[in-house]
Amino acid sequence: MNKKKLIDSLILFTLVAVMVYVITRAVLVGYADYTGWDRFSALGLLLAELFVIFHGVGYTLNIYRAYKSRGEKEKMQELASKPLGKEPSVAIFVAARHEPKEVLEETFISIKNLKYKNKSIYFLDDSSRATYKKEADQLAKELDLKIFRRKDRHGAKAGIINDCLKTIDSKYLVVFDADQNPLPEFLNRVVSVMESDQKLAFLQTPQFYSNVEGSQIAKAAAFQQAVFYEYICEGKSSQDAMFCCGTNIIFRKKALDQVGGLDESTVTEDFATSFKFHQRGWKSLYYNHVYAFGMGPEDLVGYFRQQYRWANGTITVFKKVLKNLILHPFSLKIKQWVEYLLSSSYYLIGFALFGLMLFPIFYLLFDVPSFFAKPEVYLLAFLPYITLSLSVFYFVLKERNYTAGDLFKGQLAGFISFPIYLQAAVSSFFGRKATFGITSKAKGSFVSYFKLWPQILLLFLNYIAIVWGMNRFIYQRDPAVVINAFWAFYHLLLLSSVFYFNERIIPKAFLKKITKERIASYQVLETNRPKPELNSRNWPVCFATKLPDRLKEGTLLMAKVKNGEGEQLIFDAEVTWVSSRKRFGGYTTGFGVTKASSEIITQLRKLVKK
């Protein structure tokens with residue numbers, strides 16, 4: 001049996017197992033003698049399971065379609081490789097607001113190196129601070145970029161793109177995020193595919209993170225992206241339901257003009273605009289070849305901010321999808337409606353995860369619902385379903401060189417985000433638009449555990465439920481208690497990963513050392529100061545050394561350091577970070593120089609070593 005037939009068989013058995021499980025669960029709930037709160041909790045658990053299963057089936061079918069459409073993928077590769085005769089005009093937009101200069105410089109240098117000749121590069125600077133505006137002007141002058149600013153700020157990223165769109169007459173528009181680095185042949189490939197079909201509104205390419213080694217959350221976010229950009233996007237593309245992902249994308253300007261530009265009513269303007277394209281009869285494609293790399297969030301702060309924005313915007317589109325399904329049911333094909341319902345409802349997963357965690361706790365602590373299916377019946381239906389579903393997920397991604405451990409990290413990151421998804425959903429349902437935020441590109445931030453109270457509270461409740469469940473089993477010998485205790489233990493393990501991801505990463509710039517022998521003395525000047533943000537651009541010199549005392553982060557002091565000739569260099573510095581443990585006779589302490597002469601700064605830079 002070849003690999004394709006094996007996967008087809010695995011998918012078929014998985015779908016059958018899912019159907020058997022759903023029918024079994026529905027029958028058990030329907031025929032149980034529930035009343036009042038029992039019935040409510042049983043139905044709630046069933047609905048949470050059905051939501052997860054609905055999306056799981058959608059993912060499984062997308063895998064099947066991705067395998068089925070491999071011939072189309074090869075055809076697209078041939079089109080992308082086809083040499084262009086006359087190059088159509090392409091405008092490249094990079095929108096930025098208060099982005100670090102070094103990030104933007106790397107992006108624009110990559111864009112300047114694109115082999116495609118007939119291109120215009122636009123820097124859409126939406127910054128309000130004078131420092132960032134000045135840096136943007138310098139960068140535009142150095143790299144010969146066309147800089148665009150607007151008078152009235154509206155619609156965040158979508159708004160400035162729409163305003164600049166009115167000033168160009170290029171045939172195509174390419175959009176990159178401020179941290180994306182395209183490979184030299186990017187435009188040649190995507191323009192060739194767009195030229196092959198005049199009904200193509202846009203062509204989306206993958207977005208993969210290059211900073212996967214930056215932190216555990218960066219790695220987890222990268223593998224979440226991998227799950228989406230591999231089989232899910234390929235499957236959606238085969239159904240003509242691929243949606244824009246905001247970056248690494250090429251639009252046909254004519255199509256954008258027809259739908260009134262990017263949708264400014266939501267922070268996920270790309271997804272909302274895709275829906276408009278398809279309703280107007282335009283087509284979309286996904287080209288699964290990596291021609292650009294970007295940066296993902298490297299700390300939990302940035303990751304949660306990113307997830308909140310995506311969830312809030314996507315659920316806003318979900319409301320539009322439902323409304324249009326009722327009012328204009330024939331504006332899309334059935335297969336497109338199904339894909340849009342799957343895509344736009346995904347972030348309601350927060351409700352499902354919350355319910356799936358609560359109900360085992362209710363059963364163990366309060367015996368609610370009072371009736372639980374016979375364990376042998378439950379396991380007979382559940383084990384084939386979960387075993388085959390996980391086999392499909394991990395097997396097909398392993399085929400593309402992803403390990404089970406890395407993929408599991410991505411799932412963990414999504415799991416601990418359930419309060420973020422809940423908050424985003426509630427905000428969206430009540431019409432509160434999320435503020436468009438920049439995903440943090442800087443390391444060093446971590447979330448206060450007081451702000452992680454939902455995860456920690458549920459972790460604690462699961463622990464109590466397990467202990468109480470063990471007590472119940474000793475006296476009642478009820479196998480149902482064991483099954484629910486297993487789920488509580490499983491959820492406890494998943495929730496504990498919040499400590500694993502909430503790490504503090506010290507940037508390399510702050511790890512360069514001056515040996516402790518060179519520190520002559522220091523005097524504390526001020527202690528009641530805020531903790532500094534770990535951005536090396538805030539200080540002319542940063543370094544670390546060992547001190548016998550543990551100073552508070554933010555402390556201002558006057559330091560004396562010996563140079564190579566034994567002379568003392570006197571300067572003011574603030575404590576940027578401090579190690580939590582005392583090792584080898586001291587606490588490793590980071591400093592940022594705040595006040596020193598230019599001569600002393602030069603000498604300090606020579607002393608600093610990696």
Side-chain angles (χ1 to χ4, degrees), residues 98-103 129-132 214-215 217 297-305 437-453 499 501-516 518-561 568-598 600-601 603-605 607-610:
H98 303 153
E99 290 280 3
K101 184 181 178 182
E102 58 267 23
V103 172
R129 299 176 191 170
T131 305
Y132 288 97
S215 66
I217 197 65
E298 291 194 325
D299 53 57
L300 213 50
V301 175
Y303 177 74
F304 281 165
R305 186 185 297 137
I438 301 169
T439 301
S440 173
K441 309 298 189 305
K443 299 179 186 178
S445 301
F446 62 94
V447 183
S448 165
Y449 286 112
F450 289 107
K451 293 183 179 180
L452 294 172
W453 67 265
F499 302 108
F501 287 123
N502 196 28
E503 57 183 334
R504 189 176 189 193
I505 308 296
I506 306 300
K508 291 180 181 178
F510 293 86
L511 296 175
K512 297 175 181 178
K513 293 181 179 179
I514 289 181
T515 59
K516 64 181 181 180
R518 291 192 180 277
I519 308 296
S521 64
Y522 64 88
Q523 178 183 346
V524 174
L525 301 176
E526 188 179 349
T527 57
N528 191 21
R529 302 175 78 248
K531 183 186 295 186
E533 180 186 351
L534 293 184
N535 186 336
S536 59
R537 299 173 68 208
N538 294 336
W539 302 278
V541 182
C542 300
F543 65 90
T545 191
K546 283 193 181 296
L547 296 181
D549 303 314
R550 193 173 193 276
L551 300 178
K552 183 181 177 183
E553 291 176 1
T555 297
L556 185 66
L557 48 81
M558 181 180 70
K560 296 179 181 179
V561 173
Q568 289 190 352
L569 309 177
I570 303 174
F571 56 92
D572 290 355
E574 68 176 320
V575 177
T576 54
W577 66 277
V578 183
S579 62
S580 57
R581 295 179 181 179
K582 189 174 185 178
R583 298 184 65 188
F584 304 111
Y587 294 93
T588 303
T589 307
F591 292 98
V593 175
T594 57
K595 185 179 179 182
S597 66
S598 56
I600 287 177
I601 288 173
Q603 291 192 55
L604 284 173
R605 284 174 176 165
L607 290 176
V608 172
K609 65 177 182 178
K610 292 186 180 181

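Small disclaimer: the values here were computed from a predicted structure and weren't measured.
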Can you tell me how far the CD1 atom of I601 sits from the NZ atom of K595, to the nearest 0.5 Å?
12.0 Å
Compare every heavy atom of G302 with every heavy atom of P297, then report the nearest pair and how far apart it is.
CB-C, 3.6 Å
CG on D299 to CZ on F304, rounded to 0.5 Å
10.5 Å
Exercise: identify the closest heavy-atom pair between V575 and P532
O-CG, 3.6 Å
List in chain and number order the residues that pass side chain to side chain contact (heavy atoms under 4.5 Å, CB included) with I570, two or more places apart in sequence or in another chain; answer none if no residue qualifies.
M558, K560
Show me the donor-acceptor pairs, under 3.5 Å and distance only, between side chains in residues 522-529 and residues at least two apart or in other chains.
unit_1	atom_1	unit_2	atom_2	d
Y522	OH	D549	OD2	3.4
R529	NH1	G554	O	2.6
R529	NH1	E574	OE1	3.0

Side-chain donor or acceptor of T589 paired with backbone N/O of Y587 under 3.5 Å
yes
Are I514 and L604 packed together at the side-chain level, in the sense that at least one heavy-atom pair is separated by less than 4.5 angstrom?
yes
Under a 4.5 Å cut-off applied to non-hydrogen side-chain atoms, are L569 and L607 in contact?
yes
Can you name the salt bridge (Lys or Arg N to Asp or Glu O under 4.0 Å) partners of K531, sequence neighbours left out?
E553
Correct closest heavy-atom pair for W577 and T588 would be CH2-CG2, 3.4 Å
In terms of the angle between their ring planes, are Y132 and H98 parallel, tilted or perpendicular, with boundaries placed at 30° and 60°?
tilted
Does some side-chain heavy atom of L551 sit less than 4.5 Å from a side-chain heavy atom of L557?
yes
Kindly say whether G590 contributes a backbone atom to a donor-acceptor pair with the side chain of T576 at under 3.5 angstrom?
yes
In Å and rounded to the nearest 0.5 Å, what is the OH to CD1 distance from Y303 to I217?
5.5 Å
Once side chain to side chain contact (heavy atoms under 4.5 Å, CB included) is applied, do any residues pair with K451, and if so which ones, sequence neighbours excluded?
V447, S448
Taken in chain and number order and not counting sequence neighbours, the residues that satisfy side chain to side chain contact (heavy atoms under 4.5 Å, CB included) with K552 are T555
What's the spacing between Y449 OH and N502 CG if we round to 0.5 Å?
4.0 Å
Does a side-chain heavy-atom distance below 4.5 Å link V541 with F591?
no
Residue pair R605 / P540, side-chain heavy-atom distance below 4.5 Å:
yes
